[in-house]
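Note: hydrogens, waters and symmetry copies are ignored here, and every other heavy atom, side chains too, is used. These numbers were taken from a predicted model, which means no experiment stands behind them.
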Amino acid sequence: MFTQPIAKINLGLNVVEKRPDGYHNLETVFYPVPITDGLEVFPMDPLFPSTVECDLKVTNIHIEGDEQKNLVVRAYNILKQDFPNLPRVHAHLYKGIPTQAGMGGGSSDCAFMITLLNNLFGLGLTEEQMITYATRLGADCPFFIVNRPCYAEGIGEKLQPISLDLSGWYLAVVRPAIPVPTKEAFSLITPTRPVWNCKDIVMQPMDTWREVLTNDFEKSVFALHPEIGAIKDCLYDMGAVYAAMSGSGSSLFGLFRQPVCLDVFDKKDTFKTCIPL
């Protein structure tokens, strides 16, 4: 069975308070975008001499670390705990979503793995049950079970679907080859609650977003990496109605009324695309 995990952008991202458990409470709007990975899973032959129960191969974009620690395998493993008859599987993950980009690629992969296994093997899980499993794997993983525009609170797991439709707009994404570790990004944030909630802002015309729809990570990330901030400025110079960093970076996105050429961003290893929403 084949599926295509999708990416997301954050329309506003405010770190509002630090929690007793060391995590942070957020306010953000998740919006799904058609930048995808490819995930294929099929049952392993009972006689296949594998030492693992989920044999994962990742291609196209290299990901550091043991593939058995990948979120796709971890998603299989948590389901296997409750469904011991779950067959061994081969899994192929073709990475198209840029990594360390604030676009949720890894979170999407594991959420789509949960959904795929549920469908492929008839596990009978409800959306609510799949969300519970996804929450165990990461803060924004539950969003990719829901897969529609949502306002999120808590650490990103408290989701409220909203009626936001950006159809007809063009999304430009530029991800420079500059990793921004999430832990470091959070360490530089001073939590504050914004005057305007991002859920209310995105219900207003997009022309009004620029001055009030903010990502709290931009200040510290741009200070450390001015070249990332320069990309946002360039997107506005090119005519973006709204531009921002997604998540904790390092990807920047711009929303345009018409498609734009991104040849100005031609540095080696820079991911760039402009797609209709």
Side-chain angles (χ1 to χ4, degrees), residues 7-19 23-33 98 100-104 107 139-140 143 149-166 169-176 178 180-257 277:
K8 58 85 176 167
I9 54 174
N10 293 82
L11 298 174
L13 176 52
N14 303 119
V15 182
V16 298
E17 62 184 355
K18 189 167 184 177
R19 297 155 50 112
Y23 289 94
H24 293 79
N25 284 328
L26 313 173
E27 293 176 352
T28 190
V29 171
F30 290 129
Y31 195 89
V33 297
Q100 292 184 309
M103 300 191 73
S107 298
D140 57 356
F143 166 70
C150 286
Y151 171 64
E153 293 183 322
I155 59 174
E157 87 288 7
K158 297 179 180 178
L159 299 170
Q160 175 189 337
I162 60 174
S163 57
L164 176 65
D165 185 1
L166 300 182
W169 289 88
Y170 289 85
L171 173 75
V173 175
V174 180
R175 190 275 191 190
I178 303 171
V180 179
T182 301
K183 185 176 180 180
E184 178 186 29
F186 268 105
S187 70
L188 300 172
I189 292 285
T190 300
T192 53
R193 194 172 296 275
V195 175
W196 303 103
N197 186 283
C198 54
K199 178 180 65 174
D200 299 324
I201 295 171
V202 300
M203 294 295 107
Q204 304 303 313
M206 193 183 298
D207 304 75
T208 67
W209 293 4
R210 181 169 180 171
E211 301 302 325
V212 290
L213 189 61
T214 59
N215 180 335
D216 286 347
F217 288 102
E218 288 187 357
K219 183 177 180 180
S220 56
V221 170
F222 291 177
L224 287 172
H225 305 287
E227 57 270 49
I228 297 179
I231 295 173
K232 177 180 177 179
D233 293 336
C234 189
L235 290 170
Y236 272 126
D237 289 343
M238 295 169 65
V241 177
Y242 178 72
M245 188 170 72
S246 187
S248 59
S250 59
S251 65
L252 284 297
F253 68 89
L255 293 166
F256 293 82
R257 290 188 172 92
L277 292 176

Do [X] and [Y] have side-chain heavy atoms sitting under 4.5 Å apart?
X: L171; Y: L255; result: yes
X: I201; Y: V29; result: no
X: V16; Y: E153; result: no
X: F253; Y: L11; result: yes
X: V212; Y: Q204; result: no
X: P149; Y: P32; result: yes

How long is the span from the CG atom in L166 to the CD1 atom in I9, to the nearest 0.5 Å?
6.5 Å
Within this structure, what is the OG1-CG distance for the pair T208 and L213, rounded to the nearest 0.5 Å?
8.5 Å
Paired with F143, the ring pair (Phe, Tyr, Trp, His ring centres under 6.0 Å) test is passed by just one of Y151, Y31, F30, namely F30
Can you tell me which residue pairs pass the salt bridge (Lys or Arg N to Asp or Glu O under 4.0 Å) test with a partner in residues 190-206, sequence neighbours excluded?
E27-R193
Counting distance only, does the side-chain N/O of [X] pair as donor-acceptor with the main-chain N or O of [Y] below 3.5 Å?
X: S251; Y: V174; answer: no
X: N215; Y: M245; answer: yes
X: S246; Y: G102; answer: yes
X: S250; Y: R175; answer: no

Kindly write out the residues that satisfy side-chain hydrogen bond (donor to acceptor under 3.5 Å, both in side chains) with [X], not counting sequence neighbours, or none if the list is empty.
X: R210; answer: none
X: D165; answer: S167
X: S220; answer: none
X: E17; answer: N25

Listing, residues 225-240 side-chain donor-acceptor contacts under 3.5 Å, not counting sequence neighbours, or none:
residue: K232; atom: NZ; partner: E218; partner atom: OE1; Å: 2.7
residue: Y236; atom: OH; partner: A243; partner atom: N; Å: 3.1
residue: Y236; atom: OH; partner: A243; partner atom: O; Å: 3.4

Taking all heavy atoms of [X] and all of [Y], pick out the closest pair and write down the distance.
X: A172; Y: F256; value: CB-CE1, 3.7 Å
X: L159; Y: G156; value: CD2-O, 3.6 Å
X: W169; Y: V241; value: CZ3-CG2, 3.6 Å

Determine, step by step, whether K219 and T214 satisfy the side chain to side chain contact (heavy atoms under 4.5 Å, CB included) criterion, reporting the C-alpha distance in whole Å, the side-chain angles of both residues, the deciding distance to 0.1 Å, and the verdict.
CA-CA 10 Å; K219 183 177 180 180; T214 59; over 6 Å; no
I162 and V202: CA distance, side-chain angles, deciding distance, side chain to side chain contact (heavy atoms under 4.5 Å, CB included) verdict
CA-CA 10 Å; I162 60 174; V202 300; 4.2 Å; yes
